[in-house]
Amino acid sequence: AGARARLDALVRLHPEHGGAANDLAWLLAAQGQELDRAALLAETASRLVPGPEVLDTLGFVRLARGEHAAAADAFQKALALQPDYATARYHLGLARAQQGDRNAAREAFQQALEHHPFPEAEQARTALAQLDAGAGDTQK
């Protein structure tokens with residue numbers, strides 16, 4: 001709650017602060033709150049500080065909004081800039097799973113796990129196991 005309040009205040013005082021907009025967008029999407037605002041913040045951040053992390057946030061927000069194809073597009077753009085970005089590849093797997101493309105989801109999860117350890121590695125293993133077991137639920 002404290003981080004959100006600080007980021008919110010920073011974004012209100014300095015709307016040109018792309019890093020704060022990006023972080024607040026991520027936080028809102030992760031909490032499933034104010035997703036329209038999160039989308040605006042993520043889009044603003046992607047214009048102000050273009051890069052793979054910001055594109056990953058944009059995709060993450062789109063995924064939270066149920067915009068699976070747009071999310072996958074953002075993750076692919078992030079990966080074009082940084083092919084070994086395991087978190088973006090994991091998120092791409094989630095988007096592909098939500099689109100019903102189990103093979104592309106499996107490939108994305110496997111490729112993510114081939115890279116160095118990353119924060120969502122355990123979730124990627126679980127999602128991959130669910131796909132291999134035939135379960136359709138590969139939520140975050």
Side-chain angles (χ1 to χ4, degrees):
R4 180 178 172 176
R6 286 189 301 276
L7 286 168
D8 192 44
L10 184 57
V11 166
R12 288 184 196 283
L13 286 172
H14 302 283
E16 76 286 354
H17 194 295
N22 182 69
D23 292 351
L24 184 55
W26 180 272
L27 188 60
L28 291 172
Q31 295 173 345
Q33 299 175 344
E34 298 183 60
L35 296 179
D36 290 340
R37 181 173 182 221
L40 290 173
L41 289 165
E43 290 165 9
T44 297
S46 71
R47 285 190 305 275
L48 294 172
V49 280
E53 292 84 6
V54 175
L55 286 167
D56 182 57
T57 297
L58 180 61
F60 185 74
V61 170
R62 289 175 173 170
L63 192 61
R65 290 169 49 98
E67 301 166 357
H68 306 126
D73 182 58
F75 298 135
Q76 288 176 315
K77 288 178 180 174
L79 290 164
L81 295 173
Q82 187 176 337
D84 64 345
Y85 189 8
T87 293
R89 196 157 307 275
Y90 162 67
H91 289 147
L92 177 61
L94 291 176
R96 293 300 189 213
Q98 291 299 316
Q99 289 178 297
D101 191 342
R102 298 170 65 82
N103 290 332
R106 181 178 289 109
E107 181 179 346
F109 293 142
Q110 288 171 334
Q111 289 176 351
L113 290 166
E114 290 172 3
H115 294 287
H116 56 82
F118 62 104
E120 302 85 1
E122 192 56 40
Q123 291 103 317
R125 283 186 199 88
T126 299
L128 184 59
Q130 288 173 339
L131 283 175
D132 288 341
D137 184 16
T138 55
Q139 297 296 312
K140 179 145 178 46

Exercise for the section: Verify the cluster assignment for Leu41 and Leu10: are they in a single hydrophobic cluster under the rule of side-chain heavy atoms below 4.5 Å apart? Expected result: no

Problem - Hydrophobic cluster membership, Leu79 vs Val61, 4.5 Å side-chain cutoff - result: no

Practice task
Using the rule that two of Ile, Leu, Val, Met, Phe, Trp, Tyr join whenever any of their side-chain heavy atoms come within less than 4.5 Å, decide whether Phe118 and Leu94 are in one cluster.
Solution key: yes

Handout entry: Contact check, side chains of Lys77 and Leu81, non-hydrogen atoms, under 4.5 Å
Key = no

Exercise for the section: On the 0 to 90° scale, with breaks at 30° and 60°, tag the His91-Phe60 ring pair as parallel, tilted or perpendicular. Expected result: tilted

Handout entry: Heavy-atom check, side chain of Arg47 versus side chain of Thr44, under 4.5 Å
Key = yes

Handout entry: Check: Phe75 and Leu55 side chains under 4.5 Å, non-hydrogen atoms
Key = no

Problem - Side-chain heavy-atom pair Glu53, Thr87 within 4.5 angstrom cut-off - result: no

Practice task
Decide yes or no for Arg65 and Asp36: does some side-chain heavy atom of the first lie under 4.5 Å from some side-chain heavy atom of the second?
Solution key: yes

Fill in the blank from the handout: Note: Ala88 and Ala78 closest approach over all heavy atoms is CB-CB, 4.2 Å

Problem - Within-4.5 Å side-chain heavy-atom neighbours: Val11 and His17 - result: no

Problem - NZ/NE/NH1/NH2 to OD/OE distance under 4.0 Å, Arg89 and Glu114 - result: no

Fill in the blank from the handout: Here the pair of heavy atoms bringing Leu24 nearest to Leu7 is N-CD1, 3.9 Å

Problem - Spatial distance of atom CD (Gln111) from atom CG (Asp84) [nearest 0.5 Å] - result: 12.0 Å

Practice task
Might you point out which heavy atoms bring Leu35 and Ala29 nearest each other, and give the distance in Å?
Solution key: CD2-CA, 3.8 Å

Practice task
With side-chain contact (heavy atoms from CB on, under 4.5 Å) as the test, would you mind laying out the steps for Gln82 and Asp56 before giving the verdict?
Solution key: CA-CA 11 Å; Gln82 187 176 337; Asp56 182 57; over 6 Å; no

Exercise for the section: Please name the pair of heavy atoms, one in Arg102 and one in Gly134, separated by the smallest distance, quoted to 0.1 Å. Expected result: NH2-CA, 3.2 Å

Practice task
Quick one: closest heavy-atom pair of Gly59 and Ala71, and the distance?
Solution key: O-CB, 3.3 Å

Practice task
Output yes when a side-chain donor or acceptor of Arg96 lies under 3.5 Å from a complementary backbone atom of Ala108, and no otherwise.
Solution key: no

Completion exercise
To the nearest 0.5 Å, atom CD of Gln110 lies from atom CG of Leu128 at 5.5 Å

Completion exercise
d(Leu131 CG, Glu107 CD) to nearest 0.5 Å is 12.5 Å

Problem - Spatial distance of atom CZ (Phe109) from atom CD (Gln123) [nearest 0.5 Å] - result: 10.5 Å

Completion exercise
Heavy-atom closest pair (Ser46 atom, Glu43 atom, distance to 0.1 Å) is OG-O, 2.8 Å

